[in-house]
Amino acid sequence: MDIRLESISHSYGDTEVLRDINLEIPTGRIVCLVGPSGCGKSTLLRFIGGLERPSTGRVLQLGEQPEGCLNPLTYVFQDFALLPWRSVRGNISLVLEDHGIRGARAREITDDVLARTKLGDFAEALPRQLSGGMKQRVAIARALAVNPAVMLMDEPLSALDSQTRELLMDDLIALWTRQPFTAVYVTHNLAEAVRLGHQIIVLSRRPGSIREAVEIDKPLGERGYADPDLESTQRYLWELMREEARAADEELLDV
Amino acid sequence: MSDIAARSDPIEVRFRGGGFAPKSHRWVGFAVFVLLIALMEWGTRTGWISALTLPKPSDVLATFRELWDSGLLFKHLGPSLTRLVVGAALGASLGIGVGILIGLFSYVRAGLVPLVAAIFPVPKIALLPLFVIWFGIDEASKYALIAFGTFTPTVVATYGAVDNVDRSLIRMGQSFGLSWLSIVRKIVLPGAMPGILSGLRISLAIAIILLVAAEMLGAEYGIGAYILEAGSLYDLERLFAGVVILSLLGVLVSAAISLIEKRLLGWRS
Amino acid sequence: MVKFNRRQTLGLMGAAAVSGLATPAIAMNKKIVVGALRFTSHSGSFVAVERGYFADAGLDVELRFFQAAQPMAVAIASGDVDYAVTAISGGLISLADKGAIKVIGGALSEEPGIDGQKILASDAAFKAGLTSPSQLGGKTFGMSTAGSSFHYMGSKVANAEGVEMSFKPLQKVGAIIGALKSGQIDAWSIVPHIAKPLAGSGAVHIIGDISDYLPQYQVTTVFTSSGNAADERQQTTDFLAGFGKGVSDYNSTMIDKAGGDDGINEMVDLIHKYVYTDRPREKAAPSIINGTMRINDGARLNVASVRDQLNWFQSEDLVDGGVTMDTLVDASYVETFEA
């Protein structure tokens, strides 16, 4: 299933945050959204998942949903959003219960996604017992459990330390390689973008609009830590953004 | 730098990070109790504290034993506990219900929050005669007083707790397409539970306070009635025995809530 | 126990008042605090203040008003109030037992032939057949607290009629009246100036007189702190002198009608400064006149009645069994009698 964004613009009161965004997210590809802070990239992600409505423009789903898809547009949040009172298994079964999936069938799905995220041994642990990286793996397992058409990832690694981040990037690449999924990946970290993105959309500062779309052809599985091929792309992206990032940094909030 | 180090003697860095870290010293509280009671006993025995000022703790104990032996303790405790349980259960469950509604629906909030704010500071004791007219002089008016007294703090604690539920969890629920009812049942309620329980701690203490007030009118038996009678007879031993029973009741209720917290909120550190 | 007849007492009081001129008390114009309730039964103090009898006795009296007798007794024990008049209650006896207070004289009394306290029935109970005290069996009787004078009266009446009642503590007179009017309780007893207007409204019915059961009931007594009774003899005598004169004026005007209607009117004006102040004079007057009961001349004390009350409180286990009349009463100040 593809996603198409048609001329999306948005304002909060008098503040225009997004201007005329047109974008296509094709099946099986990871599209990274980068841009200076406050450019509206997270807002755009909320529009795609229907958690917020744009002032003008629309978001379209094109084509069939994959088979067994319970929740076509599924988020992975920066703060993990795990229920602290439920175990790892409980957090995953939470999103299955509403679809009438309980008992053995729920167990089967849970065990599968926990195995895919290497969490098999921690099914009964409570979130407070887990490290940040593990928590995010639980959140990813939960997202996988509903077999989404598109994963909407909102800075999923930003709350983690850099080593954990590297490990999780490897995990995400391994997951995609085993079974390609479609994802919109919002990040401010260019290293993440060049490691994970098939396509990188650079947004300008507020009001955000698409400045450039950068394609990276190197297969995900062949990209590595401190990859020299990616280094140049990352540098190119940074040159694109540097001035705007500085300007955004010096802007007063809430004016 | 190295010049200076060579010239003068090294000074060990002074530790300045102590204090401000609460530690558990359970026995201190117990010792304070024992010391106070011993002081009371000594003072009343020597006459340094007059019989008019404080009763002898040993006499209070004897009064308590008399209460126990004569079976009067349970004759008083029975009705009081019934009033406490029925009244507090009514007030707390209504309060939690209304508090959740306020937390969930902005119209209910707009309509009821000012009302709750208006009745919160009303001394419920002042309304006792009114309750007697409405509900009769027997048990119903006592239930009503305690229920009313526990209702308002429970409402305020509950909607505060619902407001404080992590919005990102609710957003997560919505993003996974959970139904409204599922979000309330599985995310809002468990998330509000710590706040509701700590509110309940206060509400139930208020219920115990109101027990004495509720038994002002027409109660022949009950701890509150016992205390009031002792007060009007200026019988300090019975007065203190009654007060000690109320204190124990408070400790017991608090312990019960701690137990519930341990069971329901084990997921917190 | 020294007994005086009435003339001797008055003479003694006069002497005390006169001799008081020479005592230091008058030189200092000694300041004392007298506790009172806003009831006509406290008129002795009101008259003595208004007509300067306390001042004549060398005392600068400040009246302090209370809502109920119980806090007044505690205020005496704590030393905030020097003298007061109130009904004998379990609390009063307990305070005496703790060495805090002493009864030093008598005030309000039941007296056959003079309107005294009434036994009331609620309208509902009256219609259901409660028309005389003999039908009180199984009924509920209102009282402020256990060990109050209401408890004593109700219990005595039930005893005399050979019936059992249950007593409902309601703390305040207002609450008892509300409960009686709405039929939450069946019966109660109270002074006539409250009983009569209630019965007049039709919400309650008078079914008997307390004086039929307790003919010489010493309803209220004058009391003070043990310290005053033992160590401030002059001051206490001075107080009783002033109080006694106030009482004499009240009795002769209101009961013996010595001054005719003009005297009564003048007395009502005086009392109205303290009682029913929230009502206009014309509305207050009938209540004040209705409330007239004999206050013992010279604060004479009916020790027989006091003894009966003490025995009753002890038999009900409301006060310690070891309390004696000497613990409760200091009989050295006024004439005592047995009736």
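Lettering follows sequence order; numbering is per chain, from 1.
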> Please identify, among C:Ala146, C:Gly147, C:Ser182, the residue contributing the most non-hydrogen atom pairs under 4.5 Å to chain B.
C:Ala146
> Provide the closest heavy-atom pair for C:Ser94 versus B:Tyr234 in the form atom of the first, atom of the second, distance.
CB-O, 3.8 Å
> Indicate the atoms forming the closest heavy-atom contact of C:Asp317 with B:Arg238, along with that distance.
O-NH2, 3.1 Å
> Taking atom CD as the centre, does C:Glu316 end up with more than 12 heavy-atom neighbours from other residues, nucleotides or ligands that are less than 6.0 angstrom away?
yes
> Taking the side chain as C-beta and beyond, is there a heavy-atom pair between C:Pro169 and B:Glu229 under 4.5 Å?
no
> What is the distance from atom OG of C:Ser144 to atom CG of B:Leu228, rounded to the nearest 0.5 Å?
11.5 Å
> For the candidates C:Lys168, C:Gln171, C:Met143, C:Lys172, which exhibits the highest count of non-hydrogen atom pairs separated by less than 4.5 Å from chain B?
C:Gln171
> Verify side-chain contact (heavy atoms from CB on, under 4.5 Å) between B:Glu220 and C:Phe167, making sure each step is shown before the conclusion.
CA-CA 7 Å; B:Glu220 281 174 76; C:Phe167 291 89; 5.6 Å; no
> If you define the side chain from C-beta out and look only at heavy atoms, does anything of B:Asp138 sit under 4.5 Å from C:Gln184?
no
> Please tell me if the side chains of C:Val319 and B:Asp235 come closer than 4.5 Å, counting only heavy atoms from C-beta onward.
no
> Can you say whether C:Ala179 sits under 4.5 Å from chain B via the side chain, the backbone, both, or neither, judging by heavy atoms?
side chain
> Look at atom OH of B:Tyr221 and say whether more than 12 heavy atoms of other residues, nucleotides or ligands are closer to it than 6.0 Å.
no
> Using a 3.5 Å distance criterion without hydrogens, assess whether the side chain of B:Ser232 forms a donor-acceptor pair with backbone atoms of C:Thr145.
no
> Looking at every heavy atom in both B:Leu233 and C:Gly90, which two are closest together, and how far apart are they?
CD2-CA, 3.4 Å
> Within a radius of less than 6.0 Å around CG of B:Leu77, do more than 12 heavy atoms belonging to other residues, nucleotides or ligands occur?
yes
